[in-house]
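Worksheet for the structure shown next.
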Amino acid sequence: MAEFFTTVPKPITYEGPESDNPLAFRWYDKDRVVLGKTMEEQLRFGICYWHSFAWNGADIFGAGTFDRPWLDPAADPMGAAHQKMDAAFEFFQKIGAPFFSFHDRDIAPEGDTFAESCARLDTMVDYAEQKMAETDMKLLWGTAQAFFQARFAAGAATNPNPNVFAHAAAQVKHCLDATHRLGGANYVLWGGREGYETLLNTDMARELDQLGRFLNMVVQYKHDIGFEGAILIEPKPQEPTKHQYDYDSATVYGFLQNYGLENDIKVNIEVNHATLAGHDFDHEIKQAVTNGIFGSVDANRGDDRLGWDTDQFPNSVEQMSLGVYQILLGGGFDTGGFMFDTKLRRQSLARDDLFYAHVGAMDTMARSLLVAAALIEDGELASIVSDRYAGWATDQGQRILAGEVGLADLHADVLANNIDPAPVSGRQEMIENLVNRTIERVI
Ligand code: XUL
Ligand code: CO
C-alpha cells in the first residue's frame, strides 16, 4: 500500500519539554499516569475523518488547496474511498491517537440511489473493520451526514416534508448499524440544519415535536440492536441555520426533558460552539455535568474576532484547563473523549501540516490535563467553593432546602432577629491568581 505521509516516516513519539523537535510530543506522554489513569485513558483523543481527509481546503471564495488525491473529481469514487481510508489509518497510527470518528458520507460516497449508498457504506465498513483489527484503532463515534444534500435544506427531522424525515431516519438507522458493528463508543447527532431561517414559514411547535419523535426512534432502535454506546446531541447555537434548536447544553437538557429523553441522550460539547453561544467552554461542561448529560467533547476553538465556526486546533492552555478541570471534577470521560473536530487553515496545504496541527493540539490538551489535575490535587479551589456555601449546612440552610419553611416564616425570622448578613468578598482575582500560579508551577 502506498505511503501518503512520506515526510513523517515513523510514528510521533514523546520526547519531553526540552525537545525542540517539532514532530515530537513535548507533553503528551500516553503512558504517564495522571490521577490514577494514563494520559491516553484520560484524554481519549479522537481524529476526525471529515475535516482531515474529506475536505480539500475549499471555502466559499475559492477552490480546494490541499493535496488529497482521493478528492480528485475524476477519481473512481470507491477506489478513492479506499485510498482515503488507507491515508487516514496511516495518519491515525503515526499520530498515535486511539480513536477516530466519521460521518457515513466521509467514508463512503453517496450513490445514485439510497440502496447504492447503503451498499457502498457496507463495503467501507468492512474495510474499516479490517483496518481497525490490524491497527488497534477504536471508533469514538459515528454520525450521519443529514445536512449536506439539497434534500436537507429545510432540515432532516424538522423538515416540513415527512419523506425527508423518513430518508434521514433510514440514513441514521444504517449509520447506527455501522457504528454498532465497529464497536463505536458513542453515536452523535449534530443538529445540522435542525433549526430555521424565518418564522414566516416555520411551525416551530411541529418541528420540535418531529425532532422529539426522531430522537425517540433513535433511542428505541439503539435498544433494539443492543448498541451500548451513548447517544449524544452536539449543541450549536447557529450556523448553518440562523436559529438552531439545540442552542446549548441547557437548551438541549430542557428539550430532552420535554420529550422524555433526559436519561437516554447526553451531549457532545464543542468548545467553539460554546463560544458561539456566548458561553465559556467550562460553563458548557459544568451545565452538562450538573444535569447528568455530559458525554464527549469536540476540542476545537474559534477566533476571538471571527463570529463563525473556524474549527481551529486548540492552543490555549488557559482556556482548555478550566474545561478539563470541570470534566475531572465530574469524574472524567466515560464513553467520551477529546475529538479533534479541527480544520487546518486553507494555506496549510503541505501533507505534514496535519501532523504539526495535531501534535500541538495534543500537547495543549496534555498540558491542560496536568494543570487541571494539579488544581484537583491541591484541592484549594474546591475548598474555596465549599467554604463559600458553608452556611447552607447550618440548621437554617437545611430547613430552607428541605421545604420546612416558607416566605412567611423567613419574614418572621428576619424581623424577629434583625438578620442583617455582612457581604463577603468573592475573591475572584485572588482565585484567578491561584489558577495562574498553578499553570506556572505545573508546565
Ligand atoms: C459542525 C460540527 C460537526 C459535528 C459532526 O459544526 O461540529 O462537524 O461535529 O457532524
Ligand atoms: Co463538532
Side-chain angles (χ1 to χ4, degrees), residues 44-55 58-60 88 99-108 110 139-149 152 155-158 168 171-172 175-176 178-179 184-195 211 214-215 218 229-249 251-252 265-277 279 281 284-285 288 294-303 306-314 320 323 335-344 361 365:
R44 295 169 60 84
F45 286 135
I47 306 297
C48 92
Y49 219 94
W50 49 105
H51 297 317
S52 294
F53 304 100
W55 174 54
D59 70 7
I60 49 170
F99 293 97
F100 72 107
S101 294
F102 64 79
H103 296 86
D104 47 4
R105 302 301 179 243
D106 300 331
I107 63 169
E110 183 150 328
L139 180 63
L140 190 61
W141 45 268
T143 187
Q145 188 206 66
F147 47 82
F148 185 84
Q149 300 293 359
F152 296 124
T158 59
Q171 200 181 323
V172 167
C175 191
L176 193 48
T179 304
N186 307 274
Y187 184 83
V188 167
L189 296 120
W190 167 54
R193 294 180 196 274
E194 310 296 26
L211 188 55
F214 192 93
L215 293 169
V218 173
I231 304 287
L232 309 177
I233 289 184
E234 185 174 320
K236 185 172 183 183
Q238 62 274 127
E239 196 201 18
T241 71
K242 182 175 177 193
H243 302 273
Q244 301 268 133
Y245 290 130
D246 44 11
Y247 193 96
D248 60 4
S249 293
T251 309
V252 167
I265 297 187
K266 296 186 162 83
V267 284
N268 179 39
I269 293 171
E270 181 160 313
V271 182
N272 193 43
H273 294 178
T275 311
L276 295 175
H279 300 308
F281 171 44
E284 279 295 85
I285 301 284
F294 174 65
S296 196
V297 171
D298 278 7
N300 49 340
R301 68 180 169 95
D303 180 288
L306 301 179
W308 64 88
D309 205 4
T310 57
D311 286 323
Q312 285 170 260
F313 286 81
M320 293 295 160
T335 59
F338 284 112
M339 224 285 304
F340 293 115
D341 185 359
T342 39
K343 274 166 134 152
L344 291 169
M365 298 315 298

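Counting convention: from 1, in listed order, for ligands and their atoms alike. No experiment lies behind these values; they were computed from the predicted model shown.
Side-chain contact annotation: Asp104 with Gln171, donor-acceptor N/O pair under 3.5 Å present. Using a 3.5 Å distance cut-off with no hydrogens or angles, the side chains of Asp341 and Trp50 do pair a donor with an acceptor.
For the Co ion (ligand 2), the count of nearby protein N, O or S atoms, meaning those under 2.8 Å away, is 4.
In terms of protein heavy atoms, atom 3 (C) of ligand 1 is closest to Asp341 OD2, 3.6 Å. Among all protein heavy atoms, the one lying closest to atom 5 (C) of ligand 1 is His103 NE2, 3.4 Å.
Side-chain contact check for Thr179 versus Leu139: some heavy-atom pair is nearer than 4.5 Å. The closest side-chain heavy-atom distance from Val172 to Tyr187 is below 4.5 Å. No side-chain heavy atom of Phe45 sits less than 4.5 Å from a side-chain heavy atom of Phe99.
Contact annotation: Gln145 has no heavy atom less than 4.0 Å from any atom of ligand 1.
Proximity of a side-chain donor or acceptor of Gln149 to a complementary backbone N or O of Ala146 within less than 3.5 Å is not detected. Put simply, the side chain of Thr143 never gets that close to the backbone of His103: no donor and acceptor are under 3.5 Å apart.
In this structure, Tyr49 and Phe102 have perpendicular ring planes: the angle between them is above 60°, well past the 30° mark.
Within the structure, salt bridge (Lys or Arg N to Asp or Glu O under 4.0 Å) pairs that include any residue of residues 235-249 comprise Lys236-Glu239, Lys236-Asp309 (at least two apart or interchain).
With a 4.0 Å heavy-atom cut-off, ligand 1 is reached by no atom of Trp308. Only the side chain of Asp309 comes within 4.0 Å of ligand 1, judged by heavy-atom distances. Under 4.0 angstrom from ligand 1, there are no non-hydrogen atoms of Val188. Of the heavy atoms in Lys236, only side-chain atoms (C-beta onward) come closer than 4.0 Å to ligand 1. Heavy atoms of Glu234 found under 4.0 angstrom from ligand 1 belong exclusively to the side chain.
For ligand 1, none of its N or O atoms has an N or O atom of Trp190 under 3.5 Å away. Annotation: Asn268 places no N or O atom under 3.5 Å from an N or O atom of ligand 1; distance criterion only.
For ligand 1, the atoms lying closer than 4.0 Å to a non-hydrogen atom of Asp298 are 9 (O).
A side chain to side chain contact (heavy atoms under 4.5 Å, CB included) with Glu270 is found for exactly one of Val297, Asp311, Leu276, namely Asp311.
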Candidate pair Asn186 and Ser296, rule side-chain hydrogen bond (donor to acceptor under 3.5 Å, both in side chains), full reasoning:
CA-CA 9 Å; Asn186 307 274; Ser296 196; 4.9 Å; no
